[in-house]
Each structure stands twice: as C-alpha cells, then as structure tokens.
Q: 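Handing you a structure now.
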Amino acid sequence: MTVVWINGAFGAGKTTTARELIELIPNSTLFDPEVIGGALSHLLPPKRLAEAGDFQDLPIWRRLVIDTAAAMLAELGGTLVVPMTLLRQDYRDEIFGGLAARRVPVRHVLLAPAETILRARIAGREIPPDVPDGEMRVRQWAYDRIEPYRAALASWLTADAHLIDTSALTPYETAARVAEAVGSGAVPACDIVQTPEPTAETLAAGVLLFDEQDRVLLVDPTYKPGWEFPGGVVERGEAPARAGVREVAEETGIRLSEVPRLLVVDWERPVPPGFGGLRLLFDGGRLDSTEAARVLLPGPELRQWRFASEREAADMLPPVRYERLRWALRARERGAALYLEAGIPVTGRPA
C-alpha cells in the first residue's frame, strides 16, 4: 500500500493528472481531500469555519485526511492517488507523518509549470455559474496563493518532492511521467519518521536542557505539529529518567553524564484520537557554548532546534506543553518537583 501525493499550485493540473494517473497505475484509487473540506462545511458550526482562512487550517481536516486515506487503503489496498496542494511544511509533516505512523509510505510529486503558464490557466479556468461572485472571488483566491507557492518552492518544497515541469505537457503526458517516475523508484518514499500510533495511555519523559542564558532547548518534530522538548515515550521495562537520557542522545547527540532531576509529573487527559497518560519533565542541566554547538539533529525525525526564553516558548509550544514548561521552570527555581493534572498543579489541594 502506498500514497502518491500530487502537489502543486492551484491551476497546476493536479486533479486532471490524477484522473489520468489511476488509469496508468494498476490497482490505484483517486482520493480528493477537497471532499473532506466540503463535508466539514456541513458538519462544523459557521463560527468555527469562519475562524479558519482555509479548511487546511482546521486540525480536524488534517486528521480526517490521514484517517480517510488510511481507511481507504485498508479497504482497497494498492495505491491511493491524492491531488492536493500542501504549501505549509508543518501541515505536510503532520499528514505525511500521520500516514507513516500507520505504515503507509508517501511518494511526493510536485507539478510545477512556469508561473506564466500557471497564471494563464487560472485566467482561463471555467467558474461554475452558481458560485456567487465566482469570476472575481475564485480567481483572486487562486492568484493570492501564487506567492505562498513561490515561497515554498524557495524553501522546502523542491528539496522534498519529485518535480515535474508540466509547462508543455498535457494531463496524460504528465500522468505518464508520474507513473514512470513512481514505477522506476525515482520518487522514493518520503524520509519521515514512522512513529506508531499509541493504542493506550503512554508514559513519556522529556528533558529540559539550558544554555548559558538559561534559555531552554526546544526541537521541532516532523511527525507532529508544534515545538517540543527532547524526549519521547518510555519503552517497556525502561526507567523514565533513563528514557529521557536515551532520547536526548538520539535526538540531539548530547550525552548526559548524570541522571536528570525530576521537575514535573503531569497527567495528560485523553483527547480523542489521543489516549493521554503521564508526562514527566526532567532537568538536564546547563550546556556550555561548546556543548550547545554539538547539538546534531537526526534528520527525518526533527526539523530544527533552538534555545528559547520562557516568553518565546509561549509562542512556540502548544498551550498544554507551555503550561508544563512554565511549572517545570518554577519547580527548578524552588528545587522541588510538582504534580500537575492537565498542566495545573494540584499538590496540596483538597481532593
């Protein structure tokens, strides 16, 4: 089972190419995530829909794309052809990482006509007559997304996807190029960590490492949204503090010589599709400038790292992780560990 993800700007010919492609790849099926967006317009309250500029900004859309693709492959097998623009790297990581966690490899193809061709296709695209202000609104929406596409090309997109210049190709010719590239192995499975989906509550250990300015080290995982602390799930029979030390070495290359001191035990409530569990944070101590310069990320698992002040971390971490960090810093100052439930200290409160 595999996914062929056809990326590209609006007007690149993704959907027409995908329709041709399923005739060329045996046992393949078309899955258009636009269907999920259309369904959400009927399922979610208008107020919630209005909060997102694009349905891709809705976490539920990204989750449903992963779940639907995995369910279709479980039902049908073979290859799933998915025509969908993805211009934000964190959304790409979340979706491709979610599929990888289900042992579904993704082969990423980018259709990239010249911008003049792209603009001409947008200008000539037929707009359904029943769409209010369709001529102006739909075309302008497409034009407005050329700049984000250009920015993605200049940063991560060309390094991540197999590029095919479709300026002079028909949809069938483009599909034939894609089928040949996928079949020959020229489009490898995306290099992204495969983290199995939990099936029950988990115990996870994170380690806080500080620089000489007492800023905390944060890492940006490719397999889930948001910044995080170095750490991970404690394996069966493994001591939590030792698990944190192991994860620090695997994720950053830093090898701690001492068992870190416990700062926080936080119970994370289950929020479907997650199961929650206990989250522990340990104090890994301060790194001098030489040690900090030796931080080395492992490649597909983490995208980048940086030291952040508490104020900076508030903008980088998801709220529940920031609360965990905030109380861990207070515990570090006081020299006493804290017990939290969902990020809130409960020690000493009446039951």
Q: Looking at Thr16, Leu111, Thr166, which one forms a side-chain contact (heavy atoms from CB on, under 4.5 Å) with Pro171?
A: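 Only match with Pro171 under side-chain contact (heavy atoms from CB on, under 4.5 Å): Thr16.
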Q: Inspect the contact between Glu341 and Arg269 and indicate whether a charged nitrogen and a carboxylate oxygen are less than 4.0 angstrom apart.
A: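 No salt bridge links Arg269 with Glu341.
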Q: Going through the distances and angles, do Leu64 and Leu40 end up as a side chain to side chain contact (heavy atoms under 4.5 Å, CB included)?
A: CA-CA 10 Å; Leu64 285 173; Leu40 290 177; 4.0 Å; yes
Q: Could you tell me if the side chain of Leu80 sits less than 4.5 Å from the side chain of Ser28, heavy atoms only?
A: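 When only atoms from C-beta onward are counted, Leu80 and Ser28 do not touch, as no gap falls below 4.5 Å.
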Q: Nearest 0.5 Å, please: how far is CD1 in Ile164 from CD in Glu173?
A: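 That separation rounds to 12.0 Å.
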Q: Taking only Lys NZ, Arg NE, NH1 and NH2, and the carboxylate oxygens of Asp or Glu, determine whether Arg48 and Glu51 approach each other closer than 4.0 Å.
A: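 Answer for the salt bridge query: yes.
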Q: Kindly indicate whether the side chain of Glu268, heavy atoms from C-beta on, has any atom under 4.5 Å from the side chain of Glu201.
A: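 Of all side-chain heavy-atom pairs linking Glu201 with Glu268, none is under 4.5 Å.
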Q: When you measure from the centre of the six-membered ring of Phe96, is the NZ or CZ of Arg92 under 6.0 Å away and within 45° of the axis?
A: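 No; the conditions do not both hold, so Arg92 does not lie above the ring face of Phe96.
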Q: Rounded to the nearest 0.5 Å, how far does CD of Glu228 lie from CG of Leu325?
A: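 Separation between the atoms: 10.5 Å.
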Q: Taking the side chain as every heavy atom from C-beta outward, state whether Ile95 and Trp5 have any pair of such atoms under 4.5 Å apart.
A: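 Heavy-atom side-chain distance check passes, below 4.5 Å.
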Q: Taking Thr79 for its side chain and Val3 for its backbone only, find out whether a donor-acceptor pair lies under 3.5 Å.
A: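 No, because the side chain of Thr79 does not come within donor-acceptor range (under 3.5 Å) of the backbone of Val3.
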Q: Using a strict threshold of under 4.0 Å (side-chain N to carboxylate O), is an ion pair present between Asp67 and Arg62?
A: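 Asp67 and Arg62: not salt-bridged.
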Q: Cation-pi check, Arg332 to Phe210: give yes when NZ or CZ is under 6.0 Å from the six-membered ring centre and within 45° of the ring axis, no otherwise.
A: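 Checked: cation-pi criterion met.
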Q: Please find the pair of heavy atoms, one from Phe307 and one from Leu209, that lie closest to each other, and give the distance.
A: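 Nearest pair, atom of Phe307 first, then Leu209: CE2-O, 3.9 Å.
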Q: Is it the case that one hydrophobic cluster holds both Leu340 and Phe229, taking links as side-chain heavy atoms less than 4.5 Å apart, direct or via other members?
A: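 Yes, it is one cluster - the side chains of Leu340 and Phe229 are joined through contacts under 4.5 Å.
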Q: Considering only heavy atoms from C-beta outward, does the side chain of His108 approach that of Asp160 to under 4.5 Å?
A: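 With C-beta onward as the side chain, the pair touches.
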Q: Please determine whether residues Val109 and Phe31 belong to a single hydrophobic cluster, defined as Ile, Leu, Val, Met, Phe, Trp and Tyr linked transitively by side-chain heavy-atom distances below 4.5 Å.
A: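 Shared cluster, no.
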Q: May I ask you to decide whether Glu115 forms a salt bridge with Arg119, counting only side-chain N to carboxylate O separations under 4.0 Å?
A: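 Result for this pair is yes, salt bridge flagged.
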Q: Below 4.5 Å, heavy atoms only, C-beta onward: do Leu49 and Leu58 meet side chain to side chain?
A: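 In contact.
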Q: So for atom CD, which belongs to Glu258, do other residues, nucleotides or ligands contribute more than 12 heavy atoms lying within a distance under 6.0 Å?
A: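 Check fails, neighbour count at 12 or below.
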Q: Indicate yes or no for a side-chain donor-acceptor contact from Arg102 to the backbone of Gly98 under 3.5 Å, with no hydrogens or angles considered.
A: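 Yes; at least one donor-acceptor contact below 3.5 Å.
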Q: Does the pair Leu110 and Leu153 meet the rule for a side chain to side chain contact (heavy atoms under 4.5 Å, CB included), with working shown?
A: CA-CA 10 Å; Leu110 174 66; Leu153 276 178; 3.6 Å; yes
Q: Please report the C-alpha distance between Thr2 and Val104 in whole Å, then the side-chain angles of each, then the deciding distance to 0.1 Å, and finally whether the side chain to side chain contact (heavy atoms under 4.5 Å, CB included) criterion is met.
A: CA-CA 6 Å; Thr2 189; Val104 176; 5.9 Å; no
Q: Indicate the atoms forming the closest heavy-atom contact of Asp165 with Ala112, along with that distance.
A: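 Smallest heavy-atom distance, with atoms named: OD1-O, 3.3 Å.
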Q: Should Ile36 and Ile60 be counted in the same cluster of Ile, Leu, Val, Met, Phe, Trp and Tyr side chains packed under 4.5 Å apart?
A: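 In one cluster with Ile36: Ile60, yes.
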Q: Look at the side chain of Glu247 and the backbone N and O of Gly244, then say whether any donor-acceptor pair between them is shorter than 3.5 Å.
A: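 No; judged by distance alone, with no hydrogens or angles, the pair does not exist.
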Q: Quick one: CG on Leu73 to OG1 on Thr68, what's the gap to the nearest 0.5 Å?
A: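 Output value for this atom pair is 11.0 Å.
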Q: Using the six-membered ring wherever Trp is involved, compare the ring planes of Trp61 and Phe55 and label them parallel, tilted or perpendicular (cut-offs 30° and 60°).
A: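 Trp61 vs Phe55 ring planes: tilted.
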Q: Show your working on side-chain hydrogen bond (donor to acceptor under 3.5 Å, both in side chains) between Tyr322 and Asp315 and close with a plain yes or no.
A: CA-CA 9 Å; Tyr322 171 68; Asp315 295 327; over 6 Å; no
Q: Show the nearest heavy-atom pair for residues Pro33 and Pro83, with the distance to one decimal.
A: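 Distance-wise, the nearest heavy atoms are CD-O, 3.8 Å.
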Q: Nearest 0.5 Å please: distance from the OG atom of Ser289 over to the CD atom of Gln213.
A: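 Result: 11.0 Å between the selected atoms.
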Q: Report, as yes or no, whether the 6.0 Å neighbourhood of atom CZ on Arg255 holds more than 12 heavy atoms from other residues, nucleotides or ligands.
A: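 Not more than 12 within 6.0 Å, no.
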Q: Report the residue from Leu256, Leu217, Thr252, Leu281 that forms a side-chain contact (heavy atoms from CB on, under 4.5 Å) with Val207.
A: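 Result for side-chain contact (heavy atoms from CB on, under 4.5 Å) with Val207: Leu256.
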Q: Taking the six-membered ring for Trp, are Trp267 and Tyr339 closer than 6.0 Å centroid to centroid?
A: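 They do not qualify: ring centres at least 6.0 Å apart.
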Q: Tell me, yes or no, whether the heavy-atom count around Glu75 atom CD, taken from other residues, nucleotides or ligands under 6.0 Å, exceeds 12.
A: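 No, the 6.0 Å shell around CD holds no more than 12 heavy atoms from other groups.
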Q: Where the side chain of Asp57 meets the backbone of Ala52, is there a donor-acceptor pair that is under 3.5 Å apart?
A: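 Looks like no, no N/O pair under 3.5 Å.
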Q: For residues Thr202 and Arg279, is any side-chain donor paired with an opposing acceptor at under 3.5 Å?
A: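 Yes, because at least one side-chain N or O of Thr202 sits under 3.5 Å from a partner of the opposite role on Arg279.
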Q: Between Arg286 and Asp211, is there a salt bridge with N-O shorter than 4.0 Å?
A: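 Looking at Arg286 together with Asp211, the answer is no, because their closest N to O distance does not fall below 4.0 Å.
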Q: Carefully, step by step, assess Val264 and Leu280 under the rule side chain to side chain contact (heavy atoms under 4.5 Å, CB included).
A: CA-CA 6 Å; Val264 154; Leu280 281 60; over 6 Å; no
Q: Give a yes or no on whether a salt bridge exists between Glu251 and Arg246, defined as a side-chain N under 4.0 angstrom from a carboxylate O.
A: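 Salt bridge between Glu251 and Arg246, a charged N being under 4.0 Å from a carboxylate O: no.
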Q: Is the backbone N or O of Val35 less than 3.5 Å from a side-chain atom of Asp32, with the two atoms forming a donor-acceptor pair by type?
A: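 No: the side chain of Asp32 does not pair with the backbone of Val35.
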Q: Taking only Lys NZ, Arg NE, NH1 and NH2, and the carboxylate oxygens of Asp or Glu, determine whether Arg215 and Glu310 approach each other closer than 4.0 Å.
A: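 Answer for the salt bridge query: no.
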Q: Are the side chains of Val82 and Val4 in contact, using a 4.5 Å heavy-atom criterion?
A: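 Answer no - side chains too far apart.
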Q: So if you build clusters from Ile, Leu, Val, Met, Phe, Trp, Tyr with side-chain heavy-atom gaps below 4.5 Å, do Met1 and Met72 land together?
A: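 Met1 and Met72: one cluster.
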Q: Does Thr174 reach the side chain of Glu20, with side-chain heavy atoms less than 4.5 Å apart?
A: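 Contact flag for Thr174/Glu20 side chains = no.
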Q: Please determine whether residues Val187 and Leu30 belong to a single hydrophobic cluster, defined as Ile, Leu, Val, Met, Phe, Trp and Tyr linked transitively by side-chain heavy-atom distances below 4.5 Å.
A: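 Val187 and Leu30: one cluster.
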Q: Which atom names give the shortest non-hydrogen contact between Arg107 and Val182, and what distance separates them?
A: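 Minimum heavy-atom separation between Arg107 and Val182: CD-CG1, 4.1 Å.
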Q: Which residues pass the side-chain hydrogen bond (donor to acceptor under 3.5 Å, both in side chains) test with Glu212, not counting sequence neighbours?
A: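 For Glu212 there are no side-chain hydrogen bond (donor to acceptor under 3.5 Å, both in side chains) partners, ignoring immediate neighbours.
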Q: Carefully, step by step, assess Arg330 and Glu333 under the rule salt bridge (charged side-chain N to carboxylate O under 4.0 Å, His left out).
A: CA-CA 5 Å; Arg330 303 293 86 78; Glu333 293 169 357; 3.3 Å; yes
Q: What pairs with Trp227 under ring pair (Phe, Tyr, Trp, His ring centres under 6.0 Å), at least two apart in sequence or on another chain?
A: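 Checked Trp227 against ring pair (Phe, Tyr, Trp, His ring centres under 6.0 Å); zero matches.
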Q: Mind checking the CG-CG spacing from Leu329 to Leu338? Nearest 0.5 Å is all I need.
A: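 The distance works out to 11.0 Å.
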Q: Considering non-hydrogen atoms only, spot the tightest contact between Ala328 and Leu263 and give its length.
A: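 Shortest heavy-atom contact: O-CD1, 3.9 Å.
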Q: CG of Leu157 to CG of Leu163: how many Å apart, nearest 0.5 Å?
A: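 If I round to the nearest 0.5 Å, the distance is 8.0 Å.
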Q: For a quick test of reading the model, state the closest non-hydrogen atom pair linking Ala205 to Pro240 and the distance between them.
A: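 Nearest pair, atom of Ala205 first, then Pro240: CB-O, 3.3 Å.
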